Amino acid sequence: MNSPAEASDGKKSRASIALALIFLVGCWLRISAVYSHLDTFRAGLGRFGDSLVYHCLGYHLAVDHVYSSTRNGPSLGMIGPPEELIPSVTRAPTYPLFLAIVYKLHQIPTQTEQWTPIWTHVRVIQCVMDAAVCLLVFLMTRRLNRTSYKPALLAATLYSLNPYTTYFARAILAEPLATFCLAASLYCLLRQLQDESSVIPGLLAGAGLALASMARPENHVLAAIFALQLGLRLPRKHGLRQAGLFLLSFFLSLAPWALRTSLILGKFTLTPVGQQGYSLYHGSYETPWNWIDWDVYPDSLQLRPDQLANLNLTTTNWLDAFHSGRPEVVAHDQIFMDMAMDRYKTTPVECVKTWFARVPLLWRLVSVKFYYEPEPPGYYMWTLVVLAAIGTLTARGPGATLLASHPVSITLILLPLHVEPRFSILAIPALSSLAGLGLARLIRRRTEKIEETWALNSASLTPAERCEESGWVAEIDTQAER
């Protein structure tokens, strides 16, 4: 008979093998999608407008050592006259730095078509990185439930098979890297909640969240929310210290970018500039039902022809300044901010109604074709949400509350802004971890119900019926014949 230690080692070994298989399946799903849906548009860069901006930033970092999104000939693999590289202030550096590192590992192309294999390598690296998030999800779930490996393995499987992260893992966009950094930060925060004397997890969590914030700027607000939970959930002395160290690490990690951008603008900023007013104005009227196309304004705004012409001109000027990263974007964005404030003053109820109309869009309950390829439908996301709610009620601890606060916080932060379904994928690691707990709970309850039904049926049988049910009668008859 195996000792308890041997039995525990056996379970750990089997769980490790299962987790490795889950990771490999996740890699296969994502990497196979890269090659089966190989995008040939713009020599393989893809159709996302942001992809071109990120590429130019990564290219100039790797080649010119300048943080600029200027679209000149060499950055597109074409011969062209040298242009002044304007420092960019509209995009934070996490993802461009990642691209620059990958570009430096290759010989920089001189022709457009030579970029195709490099961008394919970028996509493959992102796929492996995104599949590795299932390992972080496993570790997060183990922090919430140490008694069994099943919830953690289920959670890792739910992330590995997730169609939304699989879809965006092969896009030249910041979301895959931001998701990885945020998942790592959440895991470190869970460790900090359970190890109040150590300072390392909180410092790493702050740095990870800063990297995620410099990929998706709405994550800046999460620093205050997570620090508050550390301060309230840990004993007072430890809580204040750990929350302070977490915030210190977060702001120190942001400091180089914030200092550089503030010096260029001549005013202090922690975040990229130029999009707040634009996003707030679009968020004052956009719903899933009046969407037409990018920067096409619906009739529901009831604009006069001259107003619509001025708005289109403002939009054109803003787009040109924003994508080139020029500081002048601040002035154009202020026009959108003023228009947004006017709408909130004149039609506040209508504006607030649109907030809640976009929540189903964010969480994929309704579908809007934002991109050239249709995104996966929302059934999987809503299954995750329901299972995560069950998991949160099952765990009932500070760790579960921390994870549950993340998707809720993302929703509240994005309520007044322009939203796209891809903005919610950063919450999928937290949802998957909680959903693993919820699914394990449902399976356990179902198993208990079956066992209870079998026990009740057995109790109602006579001794002879029990013998016959278990096959003993046949065995006795066989022995009697012998």
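Being a predicted model, the structure only gives us computed values, none of them experimental.
- H121 is not listed as a side-chain neighbour of L105, based on a closest heavy-atom distance of 4.5 Å or more.
- Here the two rings, on Y103 and H106, have centers that are 6.0 Å apart or farther.
- Remark: the backbone N or O of P421 is paired with a side-chain donor or acceptor of S424 at under 3.5 angstrom.
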Notebook entry, point to check: Do F180 and L136 pass the side chain to side chain contact (heavy atoms under 4.5 Å, CB included) test, and can you show the C-alpha distance, the side-chain angles, and the key distance before you say yes or no?
Noted result: CA-CA 9 Å; F180 180 87; L136 292 169; 4.0 Å; yes

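- T165 and R30 share a donor-acceptor pair across their side chains, judged by distance under 3.5 Å alone.
- Checked by atom type and distance alone, the side chain of T392 pairs as donor or acceptor with a backbone atom of A388 at under 3.5 Å.
- Judged by the 6.0 Å distance and 45° axis criteria, R14 is not positioned over the aromatic ring of Y149.
- Nearest heavy-atom pair, L270 versus A258, reported as atom, atom and distance to 0.1 Å: CD2-CB, 3.9 Å.
- Between the side chain of S32 and the backbone N or O of L29 there is at least one donor-acceptor pair closer than 3.5 Å.
- A donor-acceptor pair is defined here as one N or O able to donate and one able to accept, closer than 3.5 Å; such a pair exists between the side chain of Q192 and the backbone of G202.
- With 3.5 Å as the limit, one finds no donor-acceptor pair spanning the side chains of N162 and S160.
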Should L431 and W363 be marked as a side chain to side chain contact (heavy atoms under 4.5 Å, CB included) after you check the CA-CA gap, both sets of side-chain angles, and the distance that decides it?
-> CA-CA 12 Å; L431 285 174; W363 295 104; 3.7 Å; yes

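- Note on ring orientation: taking the six-membered ring where Trp is involved, the planes of H418 and F423 are perpendicular (angle over 60°, cut-offs 30° and 60°).
- In this structure, SG in C351 is found 9.5 Å from OH in Y281, a value given to the nearest 0.5 Å.
- With a 4.5 Å cut-off on side-chain heavy atoms, Y380 and L161 count as touching.
- E350 places no side-chain N or O within donor-acceptor distance of the main-chain N or O of S284, the cut-off being under 3.5 Å.
- For D50 (side chain) and L173 (main-chain N/O), no donor-acceptor pair under 3.5 Å exists by modelled atom type.
- Remark: the backbone N or O of H323 is paired with a side-chain donor or acceptor of S69 at under 3.5 angstrom.
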Please walk me through it: do R170 and Y167 pass side chain to side chain contact (heavy atoms under 4.5 Å, CB included)? CA-CA 6 Å; R170 56 188 170 89; Y167 177 90; 3.8 Å; yes

Before giving the answer on side chain to side chain contact (heavy atoms under 4.5 Å, CB included), spell out for V124 and Y35 the whole-Å C-alpha distance, their side-chain angles and the decisive distance to 0.1 Å. CA-CA 9 Å; V124 170; Y35 290 98; 3.8 Å; yes

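- In this structure, Y278 and H282 have tilted ring planes: the angle between them lies in the 30° to 60° band.
- Aromatic ring orientation, F246 versus F250: parallel (interplanar angle below 30°, classes split at 30° and 60°).
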- Message: Y164 vs E175, test: side-chain hydrogen bond (donor to acceptor under 3.5 Å, both in side chains). Steps then yes/no.
- Response: CA-CA 11 Å; Y164 316 117; E175 275 73 14; over 6 Å; no

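- In this structure the side chain of L182 never reaches within 4.5 angstrom of the side chain of P429, judged on heavy atoms.
- Under a 3.5 Å cut-off, the side chain of T354 and the backbone N or O of T287 do not form any donor-acceptor pair.
- For R358 (side chain) and E286 (main-chain N/O), a donor-acceptor pair under 3.5 Å exists by modelled atom type.
- In this pair, W257 and Y67 present their aromatic rings perpendicular. The plane angle is above 60°, beyond the 30 to 60° band.
- For the atom pair OG of S433 and OH of Y187, the computed distance is 11.5 Å after rounding to the nearest 0.5 Å.
- Inter-residue side-chain proximity for L412 and V221 is flagged as unmet; no heavy-atom pair is nearer than 4.5 Å.
- Other residues, nucleotides and ligands contribute more than 12 heavy atoms inside 6.0 Å of the CZ atom of R444.
- M214 places none of its side-chain heavy atoms less than 4.5 Å from the side chain of L97.
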